[in-house]
Structure formats: structure tokens, C-alpha cells
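Accompanying notes for the structure given below.
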Protein chains: 2
Amino acid sequence: MKRLPDTELEVMKALWTTGPDTPRALLEARLAPFSWAANTINTYLSRLADKGFVAVRREGKSNLYTPLVDQEAYQAFDSRAVLDRLYGSPRNFVAALARQGIRRDELEDLQALLDQLNGGPQ
Amino acid sequence: MKRLPDTELEVMKALWTTGPDTPRALLEARLAPFSWAANTINTYLSRLADKGFVAVRREGKSNLYTPLVDQEAYQAFDSRAVLDRLYGSPRNFVAALARQGIRRDELEDLQALLDQLNGGPQ
DNA sequence: TCTATCATACTACACTTGTCGTAGGTCTGA
DNA sequence: TCAGACCTACGACAAGTGTAGTATGATAGA
């Protein structure tokens, strides 16, 4: 797996929330804020297909794109890549966030997750 | 501030550990594992200078590069950018790591940091 | 059936990134 | 003082990314 560029990732995020979908539907339902031309989205989808992140199938008069990599898997891969690239450890990552300001509710959420990770398999 | 490409980030990491330094010294002391040509490092340093990440000063017969952005600041910025790009919250980021496998010591380190951020185990 | 519409495939193009090569100046030992 | 050795500045070039235009085929009313 390879890390995706920003724009392609935005398209994947859209696909992850809608599920298999056509370019136009994605544009209208999820990607409108980017004000991309329809062709632009097609380009990103083609590139994602080339990279094996989505499958293309003809659906009536338009293409239907289906995610082949799910969000969980991509995030699992990407998060570790983030650590390797710059932080080394989860602790350093969170410490960096904290330096820049971490909200109390974010901290609490994180603590809740840790409690769960510790309480769970053990 | 902008996120740096991989290679430029490696050079910044080298500069952060050595402090102000010359291209050759960086290459020999920190960047040898990459097997980059000397010119390659010069290019990365020039680009970093263009982007305002380092300052250049003539030091005898070679250039001395000084980091203008410190590691703490860059990490603070970058870590938040990582969340915005894909995870939304620290919790989601750590959850993604956990899915892919997080080591027990990493978890403990992180917990220790949280305790500290919360002002100790209160 | 002819035309306006829409979708796709293909092409384009500037900018960024990864990686060096070349040209030309300076220092240093023979 | 002259050839290497080094250094830097600048150019180069392929691949990747951001963004869209063009050509072309299918479609659905008029």
C-alpha cells in the first residue's frame, strides 16, 4: 500500500462514506465544497483505479466506483507511516498535538480509548 | 507553514539533531544511510531555504545551514495537519494504530503522557 | 431523426519532488 | 603557480500531483 495524495484521499473519503458510487453523485453529495470540475473527479478516480484503491464497473450509462481498500485498513497503514516518518512513537505524536493545543474533550476521548485497549484483551 | 516532502524532512531531522551545520557534515554524520550524492543534499537545503525552514550563512569555504523552524513547532503543526487530513481526532488516530497493532510499551508510554497532561493521576 | 446533453477516455500542462550533472570559483599542496 | 580537490549555484529531467480541456460516443427529447 502507498500513501495517497491529498486530493485522491478526499475522493476515497467520499467513497468510504457513500459506498460504491458514480462520479457525479460523489461530486454532488460529498465533494461539492471543493468546487472541482467533473473531469477532475474522473481523473482522481482513474488514478485510484490504477493504484488498485477502487474498482470500476459500468453501471448503465455511467461508471460505478467501488472502494477496494477500506478506511480502517488505510488508516491503520497510514497512521503507522506517520509515526515512522517523524514521531517514532504514539506518545511523541500526542505530545506534539498537546504542544499545539489539544482540547479537553479530545483528551478524554483518547483516555477512554486507552482504558478500553487496556481493559480489553488482558 | 507547509508540510515538507519526505526527503526535505529527513534533512531537517538531521539539522535538528546536529544543530547548524554544513552539507558535508550532515551527509557524513547523519544522512549517510540514504546514499545521496552531495549535490542532492545541497538541493534539499536550498529548497528548505526557499521555504523559510533554514537560514544560510557563509562559513569559511562552505555554507552553514541553521534551522529556522524547530522540531517542536514543526511537529505541533504537522500532527494537527495529520488529524485534519484523515483522522479527525487523536482518538481515531490511536485507534487506527491499535488496529494495525500497537505495542504494549507504546501504550504505556502514551498512558504516562496522558497522566501527565491531566496533572498526574488525580 | 437530429440535436443538445452527458459520461467517458484521453490529452495536456504547470508545479512539486526526487535525484543528479555541469560550470565555475577558491584553496592548498607540490 | 598550477593541478586537484572542494564548494556552491544553476540547470536538468523523470515521475507524481493538481486541475481541467477535448474528442467522442450514447441518449433522450423536439
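By convention in this document, chain letters (A, B, ...) are assigned in the order of the sequence lines, proteins followed by strands, and residues within each chain are numbered from 1.
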Does anything in [range] reach DNA chain D, meaning a heavy atom under 4.0 Å, and if so which residues?
| range | answer |
| --- | --- |
| residues 41-48 of chain A | Thr43(A), Tyr44(A), Arg47(A) |
| residues 3-15 of chain A | Pro5(A), Asp6(A), Thr7(A) |
| residues 16-27 of chain A | none |

Considering residues at least two apart in sequence or located in another chain, which fulfil the ring-ring contact (aromatic ring centres under 6.0 Å, His included) criterion with Tyr44(A)?
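Applying ring-ring contact (aromatic ring centres under 6.0 Å, His included) to Tyr44(A) gives Trp36(A).
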
Can you tell me how the ring of Phe93(A) sits relative to the ring of Phe93(B), calling it parallel under 30°, perpendicular over 60° and tilted otherwise?
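Plane angle under 30°, so parallel.
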
Identify whether any heavy atom of Thr40(A) sits under 4.0 Å from a base atom; if not, whether one sits that close to sugar-phosphate; answer base, sugar-phosphate or nothing.
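Result for Thr40(A) = base.
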
Working note: Gln75(A) + Gln100(B), criterion side chain to side chain donor-acceptor pair (under 3.5 Å); need CA distance, chi angles, decisive distance, verdict.
CA-CA 9 Å; Gln75(A) 286 185 339; Gln100(B) 195 237 16; over 6 Å; no

How close do Tyr74(A) and Lys2(A) get, heavy atom to heavy atom, and via which atoms?
CE1-O, 3.8 Å

Whichever of Ala37(B) and Lys51(B) has its nearest DNA chain C nucleotide further upstream toward 5':
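Its nucleotide being nearer the 5' end, the pick is Lys51(B).
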
Range on DNA chain C touched by chain A, heavy atoms, distance below 4.0 Å
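So the contact region on DNA chain C extends dA7(C) to dA12(C).
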
Rounded to the Å, how far apart are Lys61(A) NZ and dA26(D) C1'?
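After rounding, the reported distance stands at 9 Å.
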
Rounded to whole Å, please give me the gap between CG in Asp50(B) and C1' in dT8(D).
14 Å

Carboxylate-amine/guanidinium proximity below 4.0 Å for Arg57(A) and Glu59(A):
yes

For the [atom1] atom of [X] and the [atom2] atom of [Y], what is their distance to the nearest 0.5 Å?
| X | Y | atom1 | atom2 | value |
| --- | --- | --- | --- | --- |
| Arg47(A) | Asn42(A) | CZ | CG | 12.0 Å |
| Gln116(A) | Arg91(B) | CD | CZ | 6.0 Å |
| Ile41(B) | Glu10(B) | CD1 | CD | 10.5 Å |
| Gln71(A) | Thr17(A) | CD | OG1 | 8.0 Å |

So which protein nitrogen or oxygen atoms get under 3.5 Å of nucleotides 22-24 of chain D's nitrogens or oxygens?
unit_1	atom_1	unit_2	atom_2	d
dT22(D)	O4	Asn39(A)	ND2	2.7

Validation row: Glu8(B), Leu45(B) side chains within 4.5 angstrom (heavy atoms)
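Result no, sub-4.5 Å side-chain heavy-atom pair not found.
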
